[in-house]
Amino acid sequence: PPNGIPSSFSLNGRIIQSGGSDNQSFINQSGDPLPNPGSGFTARNDQDGSGHRSTINQTGGDVSPFSDVNVDQSGSDNSSLVDQSGDGSIVNVTQSSSGNVSEVGQDGDSDVLDVIQSGMNNFSNVIRQGGSNNTALVDQSGDSNSSRIRQTGTDSEIDLFQSGNNNDSDIRQRNSDQDADIFQTGSDNESFLLQSGDGNHAIVTQSGDGNISNVTQDGSSNMATVNQ
């Protein structure tokens, strides 16, 4: 193994460019090994189409068990950046249309993130998924939507669906046991959600057009529902 890394520590990267042209893919992996089997990184990038860009950076120290990144790109001109460090976390990015951008920063332990971009010209920025045991889903099936997520606590969950067009969502979760569900099925809507207490739940549904929602939960065990 390179650089004196024992066989119990694995760096496993795979790039598949099955069709199209002008695609670029980079996988960068480094870490300090642990003296037990089943530790390390796995990364995979599949590109089918043209003009895709993908960069996967996996770094860290006590990487046990495996941390995993999967990026699937079809269509054209999609861009994905994943920076991952921590233990036993997973990132899945699927871009199946054109002109989408996904940026992920994941530095927690046992976190799971799924980004699905099947519309066009969408932007997803997971500024930071830290803490531990957090899950987040970003599903952008509409066009020209924008989302930003920051999770820094533990045992929290985000589900964001943007099936309309030109919507904007900003979600920030701190502390523990938070739950956020955002549905933007209309167009030109804005949603801001901050959960900084413990055990809060918020549901925001924007099925109309041109609405603005601003929810802040800094207490504990609160429930907020917004229908626009």
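Side chains are part of it too, since the values below use all heavy atoms of this structure and drop only hydrogens, waters and symmetry mates.
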- Message: Could you see if Val204 belongs to whatever hydrophobic cluster contains Phe161? Use Ile, Leu, Val, Met, Phe, Trp, Tyr and a side-chain cutoff under 4.5 Å.
- Response: no
- Message: Check this for me, if you would: do Asp168 and Arg148 make a salt bridge, where the nitrogen-to-carboxylate-oxygen distance has to be below 4.0 angstrom?
- Response: yes
- Query: Of all residues at least two apart in sequence or in a different chain, which pass the side chain to side chain donor-acceptor pair (under 3.5 Å) check with Gln217?
  - Reply: Gln195
- Is there a donor-acceptor contact under 3.5 Å from the side chain of Asp48 to the main chain of Ser74? no
- In terms of heavy-atom contacts, Arg174 and Thr152 come closest through CG-OG1, 3.8 Å
- Query: Between the side chains of Asn211 and Asn189, is a donor N or O closer than 3.5 angstrom to an acceptor N or O?
  - Reply: yes
- Electrostatic pair Asp77:Arg53 at N-O distance under 4.0 angstrom: no
- Query: Only one of Gln47, Gln140, Gln73 forms a side-chain hydrogen bond (donor to acceptor under 3.5 Å, both in side chains) with Gln95, so which one is it?
  - Reply: Gln73
- Taking His52 for the side chain and Ser21 for the main chain, is one N or O donor matched with an acceptor at less than 3.5 Å? no
- Smallest separation among heavy atoms of Gly131 and Asp111, with atom names: O-OD2, 3.6 Å
- Taking every heavy atom of Ser191 against every heavy atom of Gln184, the minimum-distance pair comes out as CB-NE2, 3.7 Å
- Item | Criterion side chain to side chain contact (heavy atoms under 4.5 Å, CB included) on Gln206 and Ser213, from CA distance to verdict | CA-CA 9 Å; Gln206 296 177 311; Ser213 172; 3.6 Å; yes
